[in-house]
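Please read the structure below before turning to the comments.
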Amino acid sequence: MDDEKTIKLNDVSERFVNGVDIEYADKKIGEILEEEGLINEKDFEAVLKEQKNAGEILVAQNKIDETSISQVLKKQEESKKQVAHAKAL
(Lines give C-alpha, C1' and ligand atoms only; values in the text may rest on other atoms or scores of the structure.)
Protein backbone atom coordinates (compact mmCIF):
# COMPACT_ATOMS: atom_id res chain seq x y z
CA MET A 1 0.00 0.00 0.00
CA ASP A 2 1.33 3.42 -1.00
CA ASP A 3 1.41 5.99 1.85
CA GLU A 4 2.30 9.00 -0.29
CA LYS A 5 0.61 12.19 0.80
CA THR A 6 -0.05 14.93 -1.69
CA ILE A 7 0.05 18.57 -0.72
CA LYS A 8 -1.65 20.96 -3.08
CA LEU A 9 -0.50 24.57 -3.13
CA ASN A 10 -2.45 27.30 -4.83
CA ASP A 11 -0.51 30.13 -6.46
CA VAL A 12 -1.81 33.36 -4.98
CA SER A 13 1.09 35.54 -6.13
CA GLU A 14 -1.09 37.38 -8.66
CA ARG A 15 -3.70 38.06 -6.00
CA PHE A 16 -1.39 40.34 -4.01
CA VAL A 17 0.14 43.62 -5.21
CA ASN A 18 2.51 45.39 -2.84
CA GLY A 19 1.21 43.19 -0.03
CA VAL A 20 -2.43 44.14 -0.67
CA ASP A 21 -5.09 41.57 -1.55
CA ILE A 22 -6.48 43.04 -4.79
CA GLU A 23 -9.47 40.69 -4.78
CA TYR A 24 -11.00 42.92 -2.10
CA ALA A 25 -11.51 45.67 -4.70
CA ASP A 26 -14.30 43.78 -6.44
CA LYS A 27 -15.99 42.34 -3.37
CA LYS A 28 -18.81 43.75 -1.33
CA ILE A 29 -18.15 44.46 2.32
CA GLY A 30 -20.39 41.58 3.42
CA GLU A 31 -18.35 39.09 1.41
CA ILE A 32 -15.13 40.35 2.95
CA LEU A 33 -16.52 40.28 6.48
CA GLU A 34 -17.73 36.71 5.96
CA GLU A 35 -14.38 35.57 4.52
CA GLU A 36 -12.56 37.17 7.45
CA GLY A 37 -14.84 35.21 9.80
CA LEU A 38 -16.15 38.39 11.41
CA ILE A 39 -19.81 37.72 10.60
CA ASN A 40 -21.85 34.86 9.20
CA GLU A 41 -24.11 34.82 6.15
CA LYS A 42 -27.30 34.82 8.23
CA ASP A 43 -26.24 37.99 10.07
CA PHE A 44 -25.44 39.79 6.85
CA GLU A 45 -28.67 38.75 5.12
CA ALA A 46 -30.63 40.21 8.03
CA VAL A 47 -28.70 43.45 7.67
CA LEU A 48 -29.43 43.69 3.95
CA LYS A 49 -33.15 43.55 4.65
CA GLU A 50 -32.89 46.78 6.63
CA GLN A 51 -31.41 48.64 3.61
CA LYS A 52 -28.95 50.68 5.68
CA ASN A 53 -25.19 50.92 5.89
CA ALA A 54 -24.05 47.39 6.68
CA GLY A 55 -21.18 48.44 8.92
CA GLU A 56 -23.31 50.71 11.07
CA ILE A 57 -25.98 48.05 11.50
CA LEU A 58 -23.49 45.31 12.40
CA VAL A 59 -21.83 47.58 14.99
CA ALA A 60 -25.22 48.57 16.43
CA GLN A 61 -26.17 44.87 16.73
CA ASN A 62 -22.84 44.11 18.44
CA LYS A 63 -22.00 41.62 15.67
CA ILE A 64 -18.70 43.40 14.98
CA ASP A 65 -16.74 46.26 16.53
CA GLU A 66 -15.92 49.58 14.87
CA THR A 67 -12.20 48.79 14.75
CA SER A 68 -12.78 45.60 12.78
CA ILE A 69 -15.10 47.26 10.28
CA SER A 70 -12.59 50.10 9.84
CA GLN A 71 -9.77 47.64 9.21
CA VAL A 72 -11.78 45.74 6.59
CA LEU A 73 -12.83 48.98 4.87
CA LYS A 74 -9.18 50.07 4.81
CA LYS A 75 -8.17 46.75 3.20
CA GLN A 76 -10.92 47.15 0.63
CA GLU A 77 -9.84 50.73 -0.19
CA GLU A 78 -6.18 49.73 -0.52
CA SER A 79 -7.21 46.90 -2.81
CA LYS A 80 -9.19 49.29 -5.00
CA LYS A 81 -6.20 51.64 -5.20
CA GLN A 82 -3.90 48.81 -6.30
CA VAL A 83 -6.35 47.68 -8.97
CA ALA A 84 -6.77 51.25 -10.25
CA HIS A 85 -2.99 51.71 -10.34
CA ALA A 86 -2.48 48.40 -12.17
CA LYS A 87 -5.14 49.29 -14.75
CA ALA A 88 -3.48 52.67 -15.33
CA LEU A 89 -0.19 50.99 -16.33
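This structure is a prediction, so every number in the text was calculated from the model and none was measured.
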Could you state the interatomic distance from [atom1] ([X]) to [atom2] ([Y]), rounded to the nearest 0.5 Å?
{"X": "E77", "Y": "Y24", "atom1": "CD", "atom2": "OH", "result": "14.5 Å"}
{"X": "F44", "Y": "I57", "atom1": "CZ", "atom2": "CD1", "result": "8.5 Å"}
{"X": "S79", "Y": "K74", "atom1": "OG", "atom2": "NZ", "result": "14.0 Å"}
{"X": "L38", "Y": "L58", "atom1": "CG", "atom2": "CG", "result": "9.5 Å"}
{"X": "L33", "Y": "E41", "atom1": "CG", "atom2": "CD", "result": "13.0 Å"}
{"X": "I69", "Y": "K63", "atom1": "CD1", "atom2": "NZ", "result": "14.0 Å"}

Please give me the minimum heavy-atom distance between [X] and [Y], naming the atom from each residue.
{"X": "I39", "Y": "G30", "result": "CD1-O, 4.3 Å"}
{"X": "Q76", "Y": "K27", "result": "NE2-O, 2.8 Å"}
{"X": "D43", "Y": "N40", "result": "N-OD1, 2.7 Å"}
{"X": "A25", "Y": "V83", "result": "CB-CG2, 3.6 Å"}
{"X": "K75", "Y": "V20", "result": "O-CG1, 4.5 Å"}

Side chains of N18 and Q82, donor plus acceptor under 3.5 Å: yes
Verify same cluster id: I64, V72 (apolar side-chain graph, 4.5 Å): yes
Any donor-acceptor pair under 3.5 Å from E66 side chain to V59 backbone: no
Basic-acidic side-chain contact under 4.0 Å: K81, E78: yes
